[in-house]
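Step one of this worksheet: look at the structure below.
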Amino acid sequence: MSLYLVFGLDIGNVGRANASRPSTKTLLMDWNQRLSFFREVHLEFRNAFAHTGNYVLRAVKPEDLNSIIAVLIRYIPTHKFVVFGYGEFLAVLGPINRALALMPSAIVGRRWTPGIVMDINPHGGIPPTPVSDEKARFGPFAVPRIRIAWKGDILDSQEDKLDNTQREGGWGNLSDRMKKLAGGIWTARSMKSVEGIVAVARSIR
């Protein structure tokens, strides 16, 4: 058995409930039914974290990323996914967290939330560094397909919690910046989501 971390694009938005959006359980059941028709590569979505497109995919035997992505494109054409081998991702998670601990200088009225920007291309190299401002900072640390970043969340007037009345595009803003600079397709996640899906994968036997 081999595990893969899968990050879906444009699936859910934190703080914006949508009654017409299928539940995660419904999505995974539908996707697994579609994948069951392909006998050459046995794939199954095992679990998820939160509602923003963070999944654990299991393969009966080790598969290269190209094969997995080809199957997902064929059987789930309505969605795009960034795929990493679980072991490969785990190997860089420690260095990523250590680099993110070096927070940018504080900005009045904002709080930095750490995360990463990820390339959908399984053969992608070291991502470039987009321009930073008060809404986003891109750190110097990067590995193939991943660059660290921080989102500058707006705080309320008391500066003790986030101001949910002022939204600036969320993590999609960071992936859009990377796309404009590097081309291709990108997605971004907070480290809360990243650590969450890694913990889910760790619990799967």
Side-chain angles (χ1 to χ4, degrees), residues 4-16 18 21 49-55 65-66 68-70 72-73 76-85 88-89 92-93 95-155 162-197:
Y4 302 85
L5 300 182
V6 178
F7 300 93
L9 279 69
D10 302 321
I11 300 177
N13 287 299
V14 175
R16 293 188 178 183
N18 184 346
R21 187 177 67 213
F49 178 80
H51 301 284
T52 52
N54 314 294
Y55 310 109
L65 294 185
N66 286 328
I68 290 175
I69 292 168
L72 294 178
I73 290 173
I76 312 177
T78 53
H79 294 79
K80 293 182 175 65
F81 302 97
V82 173
V83 183
F84 290 93
E88 167 200 2
F89 195 91
V92 300
L93 186 58
I96 285 173
N97 278 323
R98 288 191 290 274
L100 284 168
L102 302 174
M103 299 285 286
S105 300
I107 294 179
V108 175
R110 290 183 182 264
R111 184 177 74 193
W112 294 116
T113 299
I116 54 176
V117 184
M118 300 173 282
D119 187 356
I120 197 172
N121 180 4
H123 306 292
I126 300 294
T129 307
V131 174
S132 296
D133 55 27
E134 73 280 0
K135 298 179 182 179
R137 286 280 191 273
F138 294 86
F141 181 83
V143 295
R145 305 181 64 202
I146 299 173
R147 179 167 294 280
I148 65 168
W150 296 265
K151 181 161 66 76
D153 291 317
I154 300 175
L155 298 173
L162 300 186
D163 185 349
N164 291 324
T165 67
Q166 300 186 61
R167 301 184 62 84
E168 299 175 320
W171 288 96
N173 177 40
L174 280 74
S175 57
D176 286 345
R177 292 189 190 200
M178 188 65 81
K179 179 180 179 180
K180 289 177 181 177
L181 178 62
I185 300 174
W186 301 78
T187 192
R189 291 292 189 282
S190 72
M191 289 310 291
K192 178 180 179 181
S193 293
V194 171
E195 296 283 4
I197 196 59

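Numbers for residues simply follow the sequence, beginning at 1. Every value quoted in this text rests on a predicted model; they were computed, and no experiment measured them. No hydrogens, no waters, no symmetry mates; every other heavy atom, side chains included, goes into these values.
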Next item on the list: Sort and list the pairs that fulfil side chain to side chain donor-acceptor pair (under 3.5 Å) and have at least one residue in residues 96-106, not counting sequence neighbours.
Entry: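 Of all non-adjacent pairs touching residues 96-106, those that pass side chain to side chain donor-acceptor pair (under 3.5 Å) are Asn97-Glu195.
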Next item on the list: Provide the full list of side chain to side chain donor-acceptor pair (under 3.5 Å) pairs with a residue in residues 177-187, sequence neighbours left out, each pair given once.
Entry: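 Pairs touching residues 177-187 that pass the test: Asp133-Arg177, Thr187-Arg189.
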Roughly how far, to the nearest 0.5 Å, is the [atom2] atom of [Y] from the [atom1] atom of [X]?
X      : Y      : atom1 : atom2 : value
Leu100 : Phe141 : CG    : CZ    : 9.0 Å
Asn121 : Leu65  : CG    : CG    : 10.5 Å
Ser175 : Leu9   : OG    : CG    : 7.0 Å
Ile116 : Trp171 : CD1   : CH2   : 9.0 Å

Note to self: Can you confirm whether the side chains of His79 and Asp10 place a donor and an acceptor under 3.5 Å from each other?
What the structure shows: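 There is no such pair between these side chains.
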Heavy-atom distance under 4.5 Å between the side chains of [X] and [Y], does that happen here?
X      : Y      : result
Phe81  : Tyr55  : yes
Val82  : Asp119 : no
Trp150 : Phe138 : no
Val143 : Pro95  : no
Lys151 : Arg137 : no
Asp176 : Leu174 : no
Pro127 : Met178 : yes
Lys80  : Ile120 : yes

Which heavy atom of [X] sits nearest to which heavy atom of [Y], and what is that distance?
X      : Y     : result
Leu5   : Phe89 : CD1-CD2, 3.6 Å
Ile148 : Ile96 : CG2-CG2, 4.0 Å
Arg145 : Val83 : NH1-O, 2.9 Å

Check: Under 3.5 Å, is there a donor-acceptor pair between the side chain of Arg111 and the main chain of Ile154?
Finding: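 No; judged by distance alone, with no hydrogens or angles, the pair does not exist.
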Check: Any donor-acceptor pair under 3.5 Å linking the side chain of Arg147 with the backbone of Gly139?
Finding: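 Yes.
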